[in-house]
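Chain A is the first sequence line, chain B the second, and so forth, proteins listed ahead of strands; every chain is numbered from 1. All of these numbers come straight from a predicted model, not from anything done at the bench.
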Amino acid sequence: MASALTLSNIRKSFANAEIIKGVDLDVTQGEFIVFVGPSGCGKSTLLRMIAGLEEVTSGDINIEGNRVNELPPVKRGIAMVFQSYALYPHMTVFENIAFPLRVEKLPQAEVDKRVDAAAKVLQLDQRLQQRPGTLSGGQRQRVAIGRAIVREPKIFLFDEPLSNLDAALRSEMRVELMELHKRLGSTMIYVTHDQIEAMTMADRIVVLSLGEIEQVGSPLELYHHPDNIFVAGFIGSPKMNFIKGRCTQSANGQVEIDLGELGTMALERNAPRLAGEEVTLGIRPEHLKLEQSNFSLSITPNLIEHLGIHTILYADVPGSEAFIALFEGEPGAEEGTPISIGFNKADVHLFDSSGQAVR
Amino acid sequence: MASALTLSNIRKSFANAEIIKGVDLDVTQGEFIVFVGPSGCGKSTLLRMIAGLEEVTSGDINIEGNRVNELPPVKRGIAMVFQSYALYPHMTVFENIAFPLRVEKLPQAEVDKRVDAAAKVLQLDQRLQQRPGTLSGGQRQRVAIGRAIVREPKIFLFDEPLSNLDAALRSEMRVELMELHKRLGSTMIYVTHDQIEAMTMADRIVVLSLGEIEQVGSPLELYHHPDNIFVAGFIGSPKMNFIKGRCTQSANGQVEIDLGELGTMALERNAPRLAGEEVTLGIRPEHLKLEQSNFSLSITPNLIEHLGIHTILYADVPGSEAFIALFEGEPGAEEGTPISIGFNKADVHLFDSSGQAVR
Amino acid sequence: MTELARSASESTATASAEQKAPAKVKARSQKAMIDRYTWYEVVGIYAGIALFLIFVLAPFIEGFLVSLKPLAQLFSTPYNFIPENGSFQAYFDMWNSVPALGLHIFNSFFISSVITLMVIAIVVPAAYAFARFEFTGAGVMLGAFLAVNMFSGAVLLIPLFRLMRSLGLLNTYWAMIIPGAAFLIPSSIWLLRTYLMRIPRELDEAAWADGASRLYTLRRVILPLAMPGIVVISIMTFIGAYAQQFIFALTFNSKTEYMPLPVGLFGFFGRQEVLWNELMAASFVGILPVMVVIVFLQRYLVAGLTAGAIKQ
Amino acid sequence: EELSFTVCGDEVDPTWEGFIAEWEEQNPDWPVATEAVGWGQCQDKVTTLAAAGSPVDLAYVGSRTLKQLALNDLIVEIPMSQEEQDAYYNYVPETVSFDGTQWGVPVAFSTKALFWNKDLFEEAGLDPETAPTTWEEEIDFARQIEENTDADGFGLVAKTFDNTMHQFLHWVYTNNGQVIDDEGNIVLNSPQVLAALEAIQEITQYSEEGPTAYEQNEVRAIFLDGSLGMVHGAISTGQLATEAGINWGVAPLPLGPDAEGPGTLLITDSLAVFNGTGREEKAIELAKFLTSPERQWEYEQSAGLTPLRPLPEVTTMMEQDPTWVPFIESIEYGGPEPLFTDYQGLQNTMIEMVQSVVTGQAEPQEALERAASELERFK
Amino acid sequence: MTRSQSATLFALGLLLPATLYILAIVAYPLFDTIVLSFTNAALRPTYDFIGWENYERIFSAGNFTEVIIRTFVWTFFSVALKMIIGTCGAVLLNAAVPGQTVFRILTMPPWVVPMAIGIFMWGWMYNGQFGMISGLLQNFGLRDSPLPFLAYGNTAFWATIVTDVWIGVPMVTIYLLAALQSIPKDLYEAAWTDGAGRWYRFRRVTLPLMVPAMLTMSLLSLIATFNSFDIIWILTQGGPSGSTTTMIIDTYRTAIGSFRYGEGAARAVVICIFVSLFCIVYFRAVRQLSKGQIR
Ligand SMILES: Nc1ncnc2c1ncn2[C@@H]1O[C@H](COP(=O)(O)OP(=O)(O)OP(=O)(O)O)[C@@H](O)[C@H]1O
Ligand SMILES: Nc1ncnc2c1ncn2[C@@H]1O[C@H](COP(=O)(O)OP(=O)(O)OP(=O)(O)O)[C@@H](O)[C@H]1O
Ligand SMILES: [Mg+2]
Ligand SMILES: [Mg+2]
């Protein structure tokens, strides 16, 4: 498929501090790409460079094969939806959406046509004469999207567009955005630090940390096969549990890990170099079972949260920071009473001392 | 147990508009009460009346048996943590926490002792000389709590204290708050509109709507036995699915419900008066199964979200608005391909035409 | 005005949108408990206000009483607070003593209006530049602009006079307008800049991303949003021009038909005796129009200042 | 070509309007554009215009400024023939002369005399019809009024204002003193002036509270209110006092120990012709036209000024209105305002001197010495 | 041309009108003044350069240091009073009592009235014989002789300050009122909940949070006050005995009154230097003070 956007070795420095440290990325036409990463890792900066709001220190940005480094946003064929929506409070919804067309000096009839079409898609037809101040958060967001749509851009850029909304509205808007993507078929690049958004919306997720890409891949790829401890910990909620250990032996596609008080565990991995190294085991809270499994340990929950749909146990486990277990429904656990839990070896992630996954 | 706070028929009007319409509530010593409800339902107003920031139009507020309607906040023995934290930007963390003690003109040694103790509890010892402007959101929140703790109040009031934090920090602070509650054993009243907070923190949840209490009960009580359609829809995420139907027959502890295209269903309810009425069936997304169950229907998912831990299906179902199903892990469903799902009758909630639950 | 008010409240709404979706701007129709005062606090507050207002208004009270007293009574002891057989005669006579009084008031209005328009036209772009663009020397330049306010017209009178003469502007309205505006520009830039900095930068970026030129952005996006701030600056400029520009009119213009009110009032001095009562009467009539404006706009004055206040 | 003519006051005197119409009739090519500027700004304005290089042709100025203007080449000389000089009262031409020539045409003249309140005199046990003739009496009467009535004895003028110097000069000239002599030497530090300053020091205690807050018109207002026994004032004071219902008398200024005859301060205003306009000659012609004896008399009558020339009509006038007598008779021994290069400097120094004595900050002798040395800078 | 360059160009373009205007109407005359200060310019249209002579004369004149000190004292008290009264006014006008709006409007007149007129009115009030203050004092038997405020050095000094304060107070009040209103309400509520009374809240919350606005305002009034001319000129012309002669009065008297433009210009330059130095020091102090105070 055609490449919609290519970033080659993009770097960005603000006053001596290098914020983006060489990013390469190839985005296919029609893809939905999500940038995630901890606060301050450079997501917004990267997006703004693609948009043309921020200059690139070095590297190339190509859109549909043309180098656009020097072009202003509008010439790049992108449209951006800001975190704060950046609606013009003094204009009606109609005028807000029509703004890019006004700039182009399109005839009124054409403006009407396009705005109406966009408004219909976004179910804003009834609101066209209102001002943003009188709209709800979700409606505002749709207006912001409307302003992006009318331009018919090749690429949509979103910078945490849902972060200002409350939970209910957020999940609603999430669905709407995905439907919009399906309908328009445009390339979308989306910045968020919300797990669920990243997992549900992305065709591919780009995990950033400190200005570098940690891993690129489909949501389930990242969930099941994180490349390193950072991605493993970052993707999935509640967070993956990590247990420190030491590899005592590694041969014949088998590694043996000493977990201290928790005992030892053998995993099927072909990694002879691991012998003697400090390693980290990762196991997701939802992969912990009350039933009999490959490996079991006893924990004493010190806090239990009943969410109805599932139950979360917090416990102290040697070699692990906060240990969390998640069970469906309501198991009969009680705070302060030890229970035995287990997990399957197949669900275990293994990381070497540098944090890289050992598959 | 002793009653820490009693509200009797509390009403509040702002310029003719009645905002709180007669609220009765009895809070036991040491309880953790959470107020939830949609925006504008009067949660903050109610809390502010308890605090003494807002006057009560009619009704009585009793704290430990004494009527406090006319008392200023400090005399009520309450402490409040504001949504915005309301930290004094010009004072250090130490002085912020010490503020209530300074007001009381405690000797410096006593102030030091108490502030240090609070700071230790809240892990703020390292920050005492900083100003709020230089703190992170979570730290700020802890300072606000610190200011409440040093007063050693009988009742803590929190107005959406976590709503300004990002998701990760929020769940962290949530746990901290619960531990604090455990440690201090004080009565806490907590306003939020966050599902998870309400479910995980509360001993009892008070669901408010339009200035009235819809239901009071423990989180699981509300989850499993909502009194009415409002509570049912409000508690639980994703939201409960509602399917409209008509009760064709009701006799001998059996009601028969016609679900139109979906067929009919018989439930065990003793509600003769229901015959002929419009009713609503409620079923939580997480109670839908792919396995064989009591009742099954075929849906065509038009959107599937893979979260790794579970998968969410969106579909159109006749008689229902948005129909959502939630499955653990990754079932083999595909968008556009019909699948058959089912649920157990025991999981079904039934509501009469006025929205009241029929048990 | 309602238009203005609305866009003002909306701009705050979007600005606070960062916090949470439904902006909670509560109309305090009812007094919160914290604003409830005990009776002695109320007495204290009113006493304080009374004292403050007495200080502020005493000269006006004196001036008003003077305007009611016949000239002979003005210069008599013992002092009489209440005018004996006071009358509004001075308010009629003054039109004869200084026949051009009406014209002077008009001139004041005219000159102040033109100054205000000019100042706004110059200040808005400049304030925008300072508020939005980071270029080397911006700080120094802003400081330099502000420094200008330190040189009052009195110091620069002679060179200014020469300048006005070489421009051929003496004895025209421009002789008062041009220097008048110059000394009002710097502080207006300063105040408007703080206001503009409150408008989210994303609005500029959004417009830029939508292909709007910088000028277009300024015109269609920033200007309408800055309206409350601009209104405040206008009021302050107008008042400044109306009340304080005296020395230029005195020195650079000698045509009676162009004289603004403050200089026109000097007509009451030009005779054997100063017609104090008529002078005061004329002063009161002269400030009336501005007071009317203030009565209507004071809300915007305070609100508009609020936006920029605490920050700087 | 048009002649520009700046007049002080807020309107052009009607008699002048008539004269100018007459002039324009005679000189159809030389219309006159008159402009009236209020007293407060008149002087500064004319000077500033000249300094900035765009002078008016003819302007009404205080004669005291002529020297400064002349020394800076801003005005042209307007020499008078001996005949013309003789037509004026004694000293009048001197008020516009320095370096042996005249620099302006005198156009207004004011002299001062002593006004007293007869009712207050009576109340204080003085003869209401007898005015003081010497300083000694003046001070003594003031003391008696101060002690025996609610009113104050004397109206002393000491505000930071030009007429503080004028009023001081009354005392100087009624004691045969001088500020600067004909050769241009500062002679302020003389026994005569010292006596004047001492007299002021003495009379301060019988004057209104805080003389440094009052200028001449303000003191006059107190007199008109019946709260002062005596003031030095111009002719118009009498008319105002009558209107105010005061029972008043007027007499020549009382004399100091060294006096040789009645004295007063002669203040004139003049018409000055500015340099560099190319119309100087015609402007001089206009000035002389306006101040020809008949027209000047007519103008003086209209504006209530002391006559500049001893015309026969003056005698008639004095007979009709004896009030005029002290004002006109004292001209003979009067002294002009001193002509200094820096008039403002002179004025500031003199005011400073008077104030320091009045407020008791300095003794007369030291104040005088300091002022005298300072004046050297302003000659 | 890169984007930031074009942005700079655009910004400079926006600044062009203001810059040109100020250059022409203020900077050029200012330059002229500096040039004049090295000449013996006077009434005569021509002048010669005389080097530092004017400056030497200023500083040898003896009373110049006195004038400088007086100017600073006068300015200090005037600004301080403006700030104190303005703060009190703002706080009072911010109190939620009936009549608030009317009171706010009533504070404006001194700002709106032509300055000269306001000063004349004060001149009236200060008059010992016929003025209101002295008159009422006498009427109420608090004084048995007239009290002419402008007659004595120290009363005149304070009288001019009071008038200057009066003219400056409305602007300060309104500005600080605006600042007050932008203090979040919840801070007060929090303090109240913690038991802080009204006075305590004012002292520990309101006042510190108003500091930045007060600093801005005091700087603006400082500049205005330093150059306050009309008030002193109309009321006392610098008297009696020079007790109200500030630098600007001194300058005006030299330059305009005595037509010694050269020397006057030199005095103007000295004033400018003093004010600038002062402002720099002040700015530094402000920046130090307000560090970390802004939310
Ligand atoms: N104009 C700038 N000048 C200097 N540093 C900047 C600038 N803009 C951003 N930075 C820095 O660059 C880093 C990355 O910022 P960026 O806004 O891209 O983070 P982010 O990943 O979007 O974070 P968040 O999730 O909090 O929005 C931060 O450390 C930030 O402080
Ligand atoms: N001072 C007031 N004057 C008038 N109406 C008010 C006032 N305070 C609150 N209200 C109204 O009372 C209702 C309840 O407000 P409240 O702040 O208690 O809601 P809430 O449940 O806390 O909402 P949210 O979740 O958005 O914080 C709202 O409709 C609000 O507009
Ligand atoms: Mg960001
Ligand atoms: Mg609330």
Side-chain angles (χ1 to χ4, degrees), chain A residues 38-39 136-137 160 163 166-172 174-176 178-179 182 192-202 218-224 226 233-240 284-287 302-312 314 322 324 326-330 335, chain B residues 38-39 136-137 160 163 166-172 174-176 178-179 182 192-202 218-224 226 233-240 284-287 302-312 314 322 324 326-330 335:
Chain A
S39 187
S136 75
E160 312 200 9
S163 65
D166 68 22
L169 198 53
R170 206 180 309 179
S171 69
E172 197 176 301
R174 189 156 43 93
V175 174
E176 280 192 30
M178 287 161 73
E179 283 175 358
K182 237 191 247 167
T192 182
H193 56 227
D194 185 292
Q195 276 289 327
I196 304 193
E197 280 172 35
M199 293 298 284
T200 55
M201 304 175 85
S218 77
L220 292 181
E221 226 170 289
L222 300 189
Y223 180 81
H224 291 297
F234 196 81
I235 299 290
S237 164
K239 219 178 132 182
M240 185 184 282
R284 296 199 183 275
E286 57 268 33
H287 291 153
N302 47 27
L303 185 70
I304 299 182
E305 294 182 349
H306 301 276
L307 295 175
I309 170 169
H310 44 230
T311 302
I312 301 174
Y314 297 81
I324 301 176
L326 182 140
F327 305 109
E328 242 201 307
E330 286 137 35
E335 291 175 18
Chain B
S39 188
S136 75
E160 310 200 9
S163 66
D166 70 21
L169 198 52
R170 207 180 307 180
S171 69
E172 195 176 303
R174 189 155 45 94
V175 174
E176 281 193 30
M178 287 161 72
E179 282 175 359
K182 236 191 249 166
T192 182
H193 55 228
D194 184 293
Q195 276 288 327
I196 301 192
E197 280 173 35
M199 292 298 283
T200 54
M201 304 175 85
S218 75
L220 293 181
E221 226 169 290
L222 299 189
Y223 180 82
H224 291 299
F234 195 80
I235 299 289
S237 165
K239 216 178 135 186
M240 187 184 278
R284 296 200 182 275
E286 58 269 32
H287 292 152
N302 47 29
L303 186 71
I304 298 182
E305 293 181 351
H306 301 276
L307 295 177
I309 169 168
H310 44 229
T311 302
I312 300 174
Y314 296 82
I324 302 175
L326 181 141
F327 304 110
E328 240 201 309
E330 284 137 36
E335 289 177 20

With a 4.5 Å cut-off on heavy-atom pairs, point out which of B:R284, B:H306, B:H287, B:H310 contacts chain A the most.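 Top option by heavy-atom pairs under 4.5 Å: B:H306.
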Partner chain A: residue of B:H224, B:E330, B:E179 with the largest heavy-atom pair count (under 4.5 Å):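 Among the listed options, the one with the most contacts to chain A is B:E330.
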Spatial distance of atom CE (B:M240) from atom OH (B:Y223) [nearest 0.5 Å]: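 Between atom CE of B:M240 and atom OH of B:Y223 there are 8.0 Å.
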Quick check for you: to the nearest 0.5 Å, what is the distance between A:E328 atom CD and A:I309 atom CD1?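 One finds 8.0 Å between CD of A:E328 and CD1 of A:I309.
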Which heavy-atom pair separates [X] from [Y] by the least distance, and what is that distance?
{"X": "B:A202", "Y": "B:P219", "result": "O-CG, 3.5 Å"}
{"X": "B:M178", "Y": "A:L303", "result": "CE-CD1, 3.6 Å"}
{"X": "A:I196", "Y": "A:D194", "result": "N-OD1, 2.8 Å"}
{"X": "A:I312", "Y": "A:P238", "result": "CD1-CG, 4.5 Å"}
{"X": "B:T192", "Y": "B:E197", "result": "OG1-OE1, 2.9 Å"}

Examine whether an atom of [X] lies under 4.5 Å from a heavy atom of chain A, and if so say whether it belongs to the side chain, the backbone or both; otherwise answer neither.
{"X": "B:K239", "result": "neither"}
{"X": "B:S237", "result": "backbone"}
{"X": "B:I235", "result": "neither"}
{"X": "B:E221", "result": "neither"}
{"X": "B:L307", "result": "both"}

If you count heavy-atom pairs under 4.5 Å between each of A:E305, A:R174, A:M199, A:M201 and chain B, which one has the most?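 Ranked by heavy-atom pairs under 4.5 Å with chain B, first place is A:E305.
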Side chain from CB out, backbone as N, CA, C, O: work out which of these in A:L326 comes under 4.5 Å of a heavy atom of chain B, or both, or neither.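 Interface part for A:L326: side chain.
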